[in-house]
Amino acid sequence: MYKHEISGSIRHHECDCRGEIKLHCLMDRMQDAAAEHAAMLKVGMDELAGMKLIWVLSRLQIHLDRPLTLGESLDVITYPTGVQRIFAHRCYDLRIGGIRAGYAGSFWLPVNTAAGRPVNAKKVLPPEIVDLPEVEKFFPEMDKLPEITAEICASYKVRAGDIDLNCHLNNAVYARWISDILGEKFNTDSIRITDIQLNYLASCISGEIVQLRCETGEEGSFAVCGEKEDGTAVFQAAGKVSL
């Protein structure tokens, strides 16, 4: 019960032209694993709905040791690692054939749906999850990311297919947008993102426009941010691609 695993072969529709899983498809799998596990721990969507709360992903950081390719059976192992400040911290161990191929850490925040205000995760999680024994933690600290001053390079309209169960823009869609922009910046149809940190700053709903800025640096480093037309910051991201 402390850990939860979902497994399955990487399928054709999840892969890019090199036969490697797309970042947003990997994030979909991670999100499914986290949602299933939260329900098993009695802190899932149904339980939180009764308290007029939803889980909101605040920060996510992923590292991949190698590509995850078509036909390979991917094990996504997830588990909570306690509460830091007011955030619930959750980790992911990504394995192929029992061997670690990557890992990730994430911060989640309960938000009151009526007031739109955050709630300390300690008030939601059971004590045995709040005060955990020493466990392996991936990315237990995720800092703020620097602002980007580059010119706007793309705009996306949030459409019905982008909306999730919480009636907001699904967090994996940002990864798809980032991959699109980086593909243009690095002039390739297949972007292999080996490292990324995503900070989610504001929610988006259907019909809103998100404008992206992007900067690239040495050895495949990148930074991307998105903002609404009124200047409200929506997300920040930074990481590295394999060139």
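Side-chain contact annotation: R90 with T78, donor-acceptor N/O pair under 3.5 Å present. With hydrogens and angles left out, the side-chain atoms of E5 and S7 include a donor and acceptor closer than 3.5 Å. Checking S179 against W177 by side-chain atom types alone, no donor-acceptor pair falls below 3.5 Å. Residues Q84 and E141 have side chains that bring a donor and an acceptor to within less than 3.5 angstrom of each other. No side-chain donor from either of Y156 and D162 sits under 3.5 Å from a side-chain acceptor of the other.
When all heavy atoms of V43 and W55 are compared, the closest pair comes out as O-NE1, 2.7 Å. Here the closest non-hydrogen pair linking R18 and S190 is NE-OG, 2.9 Å. Contact record, M27 with A175: SD-CB, 3.5 Å, taken as the closest heavy-atom pair. Listed here is the closest heavy atom pair of W108 and S106: NE1-OG, 2.9 Å.
Tracing side-chain contacts under 4.5 Å through hydrophobic residues (I, L, V, M, F, W, Y), one reaches I6 starting from I62; they form part of the same cluster. The cluster map of Ile, Leu, Val, Met, Phe, Trp and Tyr, joined by side-chain heavy atoms under 4.5 Å apart, puts M45 and Y200 in different clusters. Placement of L64 and L70 in two distinct hydrophobic clusters is found when ILVMFWY residues are connected by side-chain heavy-atom separations under 4.5 Å, directly or transitively. Under a hydrophobic-cluster definition in which Ile, Leu, Val, Met, Phe, Trp and Tyr are linked whenever side-chain heavy atoms come within less than 4.5 Å, directly or via other members, V234 and I163 are assigned to the same cluster. The cluster map of Ile, Leu, Val, Met, Phe, Trp and Tyr, joined by side-chain heavy atoms under 4.5 Å apart, puts V83 and L41 in the same cluster.
Residue K228 places its NZ atom among more than 12 non-hydrogen atoms of other residues, nucleotides or ligands, all under 6.0 Å distant. Heavy atoms of other residues, nucleotides or ligands lying less than 6.0 angstrom from CG of D230 number more than 12.
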K185 and E215: CA distance, side-chain angles, deciding distance, salt bridge (Lys or Arg N to Asp or Glu O under 4.0 Å) verdict
CA-CA 9 Å; K185 289 288 185 179; E215 296 176 350; over 6 Å; no

Given the rule in the side-chain contact (heavy atoms from CB on, under 4.5 Å) test, do L212 and V224 qualify, once you have shown the distances and angles that lead to the verdict?
CA-CA 7 Å; L212 270 58; V224 181; 4.3 Å; yes

Could you walk me through whether Q236 and L201 pass side-chain contact (heavy atoms from CB on, under 4.5 Å), step by step?
CA-CA 8 Å; Q236 294 176 303; L201 306 176; 3.9 Å; yes

Show, in sequence, the C-alpha distance, side-chain angles and deciding distance for I96 and R66, and conclude whether the side-chain contact (heavy atoms from CB on, under 4.5 Å) test is met.
CA-CA 10 Å; I96 300 285; R66 70 165 182 83; 3.0 Å; yes

Begin from the C-alpha positions of E72 and R11 and carry the test salt bridge (Lys or Arg N to Asp or Glu O under 4.0 Å) through to its verdict.
CA-CA 9 Å; E72 291 186 308; R11 302 187 180 278; over 6 Å; no

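D65 CG to D195 CG: the interatomic distance, rounded to the nearest 0.5 Å, is 9.0 Å.
Between H4 and H37, the angle of the ring planes stays under 30°, which puts this pair in the parallel group of the 30/60° scheme.
Under the 6.0 Å cut-off for aromatic ring centres, Y103 and F138 qualify, their centroids lying closer than that. Between Y79 and Y92, a ring centre-to-centre spacing not shorter than 6.0 Å is recorded.
Every side-chain contact (heavy atoms from CB on, under 4.5 Å) that K123 has, sequence neighbours left out, goes to V119, N120.
Put simply, the residue from K22, R176, R29 that forms a salt bridge (Lys or Arg N to Asp or Glu O under 4.0 Å) with E14 is R29.
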